[in-house]
Amino acid sequence: MRTTHLRVNRERCIGAGMCALTTPEVFDQDPDDGRVLLLHAEPPTAHRAAAQMAAGVCPSGAITFHEPEADGA
């Protein structure tokens, strides 16, 4: 069974913090450089919608959200 999966590109991140503000249970910011820290690559069900929203509001597109299709793809 495949689950929702997140990836972050720290090199692309500009440190806007929208991800950590939107879903602090899944994302944080590095205290040294302000860039994204992924706390849960496979977010709990309760936080999936917010994690998807965080990926969508990321101004640099540094977050990739993948949710398997119903057929298991």
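Throughout, residue positions are numbered sequentially from 1 according to the sequence presented.
Within the 4.5 Å cutoff, no side-chain heavy atoms of Leu37 are placed close to those of Phe27. When side chains are defined from C-beta on, Val26 counts as touching Leu38, because their heavy atoms get closer than 4.5 Å.
A donor-acceptor pair is defined here as one N or O able to donate and one able to accept, closer than 3.5 Å; no such pair exists between the side chain of Arg35 and the backbone of Asp30. Of the possible polar contacts, none joining the Glu67 side chain to the Thr4 backbone as a donor-acceptor pair under 3.5 Å is found.
Nearest approach of Arg48 to Phe65, heavy atoms of both residues: O-CE1, 3.7 Å. Taking all atoms of both residues into account, the shortest heavy-atom contact from Pro59 to Ala16 is CG-CB, 3.7 Å. Closest approach of Thr22 to Ala50, counting heavy atoms only: CG2-O, 3.6 Å. The minimum heavy-atom distance linking His40 with Glu25 is given by the pair CD2-O, 2.9 Å. What you find for Ala51 and Thr23 is that their closest heavy atoms are N-OG1, 3.5 Å.
Annotation for Arg10: atom CZ counts as buried by contact number, over 12 foreign heavy atoms lying within 6.0 Å.
Between the CG atom in Leu39 and the NE2 atom in His47 there is a gap of 10.5 Å [rounded to 0.5 Å].
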